[in-house]
Engineer: 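I have a structure I would like to understand better, so I am pasting it below and will then ask my questions one at a time.
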Protein chains: 2
Amino acid sequence: MARVDRLVNHRRKLRRGEHLYRAGNPLAVLYAIRSGFMKTCALHDDGREQVAGFHMMGDLLGLDAISSGRHMCDAVALEDSEVCEIPFAYLEQLSRELPSLQHQLHRIMSREIVRDYGVMLLLGTMKAEERLAAFLLNLSQRFAARGYSATEFNLRMTREEIGSYLGLKLETISRAFSRFQQDNLIEVRHKHVRIRDPERLRLLIGQQCP
Amino acid sequence: MARVDRLVNHRRKLRRGEHLYRAGNPLAVLYAIRSGFMKTCALHDDGREQVAGFHMMGDLLGLDAISSGRHMCDAVALEDSEVCEIPFAYLEQLSRELPSLQHQLHRIMSREIVRDYGVMLLLGTMKAEERLAAFLLNLSQRFAARGYSATEFNLRMTREEIGSYLGLKLETISRAFSRFQQDNLIEVRHKHVRIRDPERLRLLIGQQCP
DNA sequence: TGAATGCTTTGATGTAGGTCAAAAGGGGTG
DNA sequence: CACCCCTTTTGACCTACATCAAAGCATTCA
């Protein structure tokens with residue numbers, strides 16, 4: 001137990017806008033988010049980039065770096081945040097001795113793979129409003145799982161970042177928000193969102209494509 | 001060594017069109033492809049599905065099932081194939097004793113995560129012809145890594161399956177193929193592809209979006 | 001071998017979302 | 001408190017891709 005404690009010993013604070021790591025940085029530690037809100041950005045050679053995920057308390061970051069020993073994306077704090085640094089070599093060593101820790105690590109990596117499949121489905125098959133609905137419900141569910149309100153929260157990211165994640169332009173996000181508000185599905189005012197009708201929002205996914 | 005051998009002891013043959021596993025099946029074994037060609041399909045509750053990846057000799061399948069203990073996608077043989085079954089519990093056990101095996105497993109899972117980021121970029125930011133070019137170059141590179149020709153190969157999947165993977169309709173794929181052929185980038189005749197100008201194909205990615 | 005079936009190509013037309021533009025709202029900073 | 005800059009909203013227009021349709025080819029299975 002003391003050794004597991006040592007695993008999560010080291011803290012690091014980040015100011016809003018600060019990078020936790022950048023593509024190309026060598027892998028030394030994984031990061032568990034203790035508080036705050038972050039995004040990861042996948043980058044293409046030609047300079048294009050896309051938000052690959054939004055991350056909050058409890059999420060583990062840096063798994064992309066294990067394959068090559070270097071990070072393959074950027075991680076940026078969207079608000080002041082605190083992470084705890086987990087030396088990867090030590091994590092591997094300890095997980096050899098603790099089967100439950102080992103299994104937990106595998107489950108976390110697998111969960112990330114499954115999440116990615118979900119994003120592919122979203123990007124490959126859904127229409128704009130479906131994507132935004134899925135995004136909002138996903139956020140809602142994750143806030144709820146952490147003890148926050150499922151129906152009322154502040155967005156930490158801009159419309160442009162939401163758009164990047166969903167493969168859409170910021171104007172499209174803005175229009176979709178307005179439409180959801182018109183239809184009494186949600187209330188949006190700038191970064192603040194209240195979900196008024198989660199059920200209809202859920203229904204909206206899947207009904208749009210004939 | 002003998003114990004590692006035992007890990008990859010069990011073979012299974014699949015006929016073209018046969019399912020290796022389906023979403024919902026409990027996780028028992030992972031699968032290493034020995035020969036043949038497969039696709040995995042992510043599914044959404046509402047029945048929509050999308051090809052999440054194409055897999056060939058040497059690829060490891062089933063990692064999506066570790067998180068929940070059940071498979072989260074379908075795996076289907078696109079031609080007669082042979083896989084070898086790797087009992088997951090035994091793999092975990094053995095990797096506790098063999099650090100290099102453990103690390104290898106982690107790298108493979110991480111590589112899948114990185115691959116998924118690439119697909120997100122493709123689906124989120126690229127135009128139709130860029131996607132197809134990226135797809136062809138990726139296939140080419142993987143065939144080359146396995147000792148096959150990088151410039152000439154047979155597609156095992158239909159236009160519809162390529163389209164599903166790339167978030168496009170089969171007609172769009174067909175038109176893009178025709179256009180590439182006109183421009184002397186490739187020769188296509190049904191399933192047979194010859195890449196005539198890999199360099200220009202590579203250049204094409206990134207030039208399309210202003 | 002030949003009929004059946006599934007795949008592919010190509011054309012004509014429609015539309016969701018992108019692009020461009022302008023104005024308004026907020027929040028951080030000096 | 002006031003300024004500046006970043007973000008957001010909304011409108012008008014445009015384009016890439018989807019959709020619909022029909023014909024042409026392969027592959028398969030009897």
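Residue numbering restarts at 1 for every chain, and letters A, B, ... go by the order of the sequence lines. Just so you know, these numbers come straight off a predicted model, no measurement behind them.
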Engineer: Who passes salt bridge (Lys or Arg N to Asp or Glu O under 4.0 Å) against B/Arg142, sequence neighbours left out?
Structural biologist: B/Asp59

Engineer: If the sugar-phosphate is the primed atoms plus P, OP1 and OP2 and the base is the rest, what is the B/S/- string for nucleotides 9-18 of chain D, using protein heavy atoms under 4.0 Å?
Structural biologist: BBBB----SS

Engineer: Taking CD from A/Gln181 and P from D/dT8, how many angstroms apart are they, rounded to a whole number?
Structural biologist: 15 Å

Engineer: Write down the distance between CD (A/Glu160) and C1' (C/dG18), rounded to a whole number of angstrom.
Structural biologist: 14 Å

Engineer: Can you give me every donor-acceptor pair (side chain of residues 185-192 of chain B, partner residue at least two apart or in another chain, under 3.5 Å) with its distance?
Structural biologist:
from	atom 1	to	atom 2	distance (Å)
B/Glu187	OE2	B/Arg194	NH2	2.9
B/Lys191	NZ	B/Met157	O	3.3
B/His192	NE2	B/Glu152	OE2	3.4

Engineer: Provide the closest heavy-atom pair for A/Ser110 versus B/Ile66 in the form atom of the first, atom of the second, distance.
Structural biologist: OG-N, 3.4 Å

Engineer: Could you pull out the protein-nucleic contacts involving nucleotides 28-30 of chain D (nitrogen or oxygen on both sides, under 3.5 Å)?
Structural biologist:
none

Engineer: Are A/Lys191 and D/dT8 close enough that a side-chain N or O sits under 4.0 Å from OP1 or OP2?
Structural biologist: yes

Engineer: Please list, one pair per line, the donor and acceptor atoms closer than 3.5 Å that link side chains of residues 72-83 of chain B to other protein atoms, with sequence neighbours excluded.
Structural biologist:
from	atom 1	to	atom 2	distance (Å)
B/Asp74	OD1	B/Ala23	N	2.7
B/Glu79	OE1	B/Arg156	NE	3.0
B/Asp80	OD1	B/Arg16	N	2.7
B/Ser81	OG	B/Phe37	N	3.1
B/Ser81	OG	B/Glu79	O	2.6

Engineer: Can you check the B/Leu132 CG to C/dT9 C1' distance for me, whole Å?
Structural biologist: 15 Å

Engineer: Of the non-hydrogen atoms in B/Ile86 and B/Ala32, which two are nearest, and what is the gap between them?
Structural biologist: CD1-CB, 4.1 Å

Engineer: How many whole angstroms separate atom CZ of A/Arg179 from atom C1' of D/dT8?
Structural biologist: 19 Å

Engineer: What is the minimum heavy-atom distance between B/Asp197 and B/Asn184, and which atoms define it?
Structural biologist: CB-O, 4.1 Å

Engineer: Check B/Leu7 against B/Pro87 and note the closest heavy-atom contact, atom names and distance.
Structural biologist: O-CD, 3.6 Å

Engineer: Could you state the NE2-C1' distance from A/His192 to C/dG27, rounded to the nearest angstrom?
Structural biologist: 17 Å

Engineer: Other residues, nucleotides and ligands only: do more than 12 of their heavy atoms fall within 6.0 Å of CZ on A/Arg146?
Structural biologist: yes

Engineer: Using every non-hydrogen atom in the two residues, find where A/Ala134 and A/Met126 come nearest and quote the distance to one decimal.
Structural biologist: CB-SD, 4.4 Å

Engineer: Report for the helix from C/dT1-D/dA30 to C/dG30-D/dC1: angle between first-end and last-end helix axes, five pairs each, rounded to 10 degrees.
Structural biologist: 60°

Engineer: Roughly, in whole Å, what's the span from CG in B/Leu155 to C1' in D/dA26?
Structural biologist: 15 Å

Engineer: Round to the nearest Å and state the distance from B/Arg156 atom CZ to C/dC7 atom P.
Structural biologist: 17 Å

Engineer: Compare every heavy atom of B/Leu14 with every heavy atom of B/His19, then report the nearest pair and how far apart it is.
Structural biologist: O-CD2, 3.7 Å

Engineer: Does atom OH (A/Tyr148) have a neighbourhood of more than 12 heavy atoms from anything else shown, all under 6.0 Å?
Structural biologist: no

Engineer: Give the rounded distance in Å between these two atoms: CG of A/Asp80 and P of C/dG28.
Structural biologist: 11 Å

